[in-house]
Amino acid sequence: MKNPNSTKTYAAFAVLGFILFCAGVAFQIWPLGTEGIFVTSPSMLIGVGCGLMGGMTGAAIKYRDPAIYKKMKIEQKDERNELIRNKAKARVYDMMLIAQCAVIMIFALLNVGAAIVLVLTAVFVFFFLAQLYFIGRYNKEL
Amino acid sequence: MRLKNRLEALRKEHGIKQEALADALAVSRQTISSLESGRYNPSITLAFKIARHFGLSIEDVFIYEEEGLL
């Protein structure tokens, strides 16, 4: 179950994340420029660096200990956990569609601009069509 | 539809803990606990795994009761 290669890879990515975070902080304190990418890149570096560092450190710890790795794999593949996750996702999807509808209506009423409303509507329609596609696909598969 | 089971009784008969049974079946301990309390009905695959673990058939472990029938 132990996978030393994975541990090393994840640890390397965690170090890369830390380097990105440090670079972001450094560029925030001593900016390279005052326009465009020089203004936004430090925040992005900090964000990506923190995400990478946190996620990969967790993964490295997970892969380091075979007992924890085995336990996590069982928890991940457990059919009840999978059912719970899928039920939660389905609930959140329904909530998301309602929330997105509400946001589109509010934006349209506030007259924020046709482009924003159209993009949000396109995303809404995309999710709806994707749902229909997967219903059809699973109907054939199952 | 009600699905009862004898999992807890069988487990205790064999003198094994929930953790040990969970390990043997490659499921979480919470799943065993939910199965024993009747909150969760297993998939047919897990039902077979449980029955085979105890050397029994599915009908010996799980009892199906149709509601409304006498």
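Numbers restart at 1 for each chain; the letters A, B, ... are given by sequence-line order, proteins then strands.
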Under 3.5 Å, side chain of A:E79 to main-chain N/O of B:P42, donor-acceptor pair present? no
Quick one about A:R80 and B:S34 (side-chain donor to acceptor, distance below 3.5 Å, no hydrogens or angles considered), yes or no? yes
Return yes if some donor-acceptor pair links the side-chain N/O of A:D78 with the main-chain N/O of B:S28 below 3.5 Å, else return no. yes
With a 6.0 Å cut-off (strictly less than), is the heavy-atom count around CZ of A:R85, excluding the residue itself, greater than 12? yes
Suppose we screen for ring-ring contact (aromatic ring centres under 6.0 Å, His included). Which residues come up paired with B:F54, at least two apart in sequence or across chains? B:H14
Please check if atom CZ in A:F124 has more than 12 non-hydrogen atoms from other residues, nucleotides or ligands closer than 6.0 Å. yes
So how far is it from B:R29 CZ to A:I74 CD1, rounded to the nearest 0.5 Å? 13.5 Å
Only distances under 3.5 Å count here; give the side-chain donor-acceptor pairs of residues 36-47 of chain A to other protein atoms, sequence neighbours excluded, each with its distance to 0.1 Å.
unit_1 : atom_1 : unit_2 : atom_2 : d
A:S41  : OG     : A:I37  : O      : 2.8

